[in-house]
Amino acid sequence: MSYGIDQLELVRAAASYVDRILRGTSPGELPVQLPTRFELVINLKTAAALGLTVPNSLQLLADEVIE
């Protein structure tokens with residue numbers, strides 16, 4: 001199970017920063033942005049190998065379930 005930032009969102013934010021810098025904005029003037037989107041990924045095969053049971057309610061909340 002993994003809960004963390006959405007990597008695609010992170011790349012988009014980085015591209016926005018690069019665009020602003022290339023347009024002439026000083027890096028020191030750019031605001032610090034925190035991640036706003038997080039994702040939950042559950043690997044059921046690994047959970048089964050470890051003898052763990054993942055409740056269906058948690059699986060429904062997950063962004064991605066690996067079987």
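All values below come from the heavy atoms of this structure, side chains included, with hydrogens, waters and symmetry mates left out.
Between Q59 and V54, the closest heavy-atom pair is NE2-O, 3.0 Å. For L30 against T25, the heavy-atom pair with the smallest separation is CD2-CG2, 3.7 Å. Nearest heavy-atom pair across N43 and K45 is OD1-N, 3.1 Å.
Rounded to the nearest 0.5 angstrom, T36 OG1 and D6 CG are separated by 8.5 Å. Interatomic distance, E9 CD to E39 CD, rounded to the nearest 0.5 Å: 10.5 Å. Distance check: I42 CD1 to L40 CG gives 4.5 Å after rounding to the nearest 0.5 Å.
By the criterion of side-chain heavy atoms lying less than 4.5 angstrom apart, applied directly or through intervening Ile, Leu, Val, Met, Phe, Trp or Tyr residues, L10 is grouped together with F38 in one hydrophobic cluster. Under the 4.5 Å side-chain heavy-atom criterion for grouping Ile, Leu, Val, Met, Phe, Trp and Tyr, M1 is connected to L44 within one hydrophobic cluster. Note: the hydrophobic cluster containing V65 also contains L58 (ILVMFWY, side chain heavy atoms under 4.5 Å, direct or indirect links).
With sequence neighbours left out, Y17 forms a ring pair (Phe, Tyr, Trp, His ring centres under 6.0 Å) with no residue at all.
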Inset, instruction - Could you walk me through whether D63 and V41 pass side-chain contact (heavy atoms from CB on, under 4.5 Å), step by step? - result: CA-CA 6 Å; D63 295 300; V41 178; 5.6 Å; no
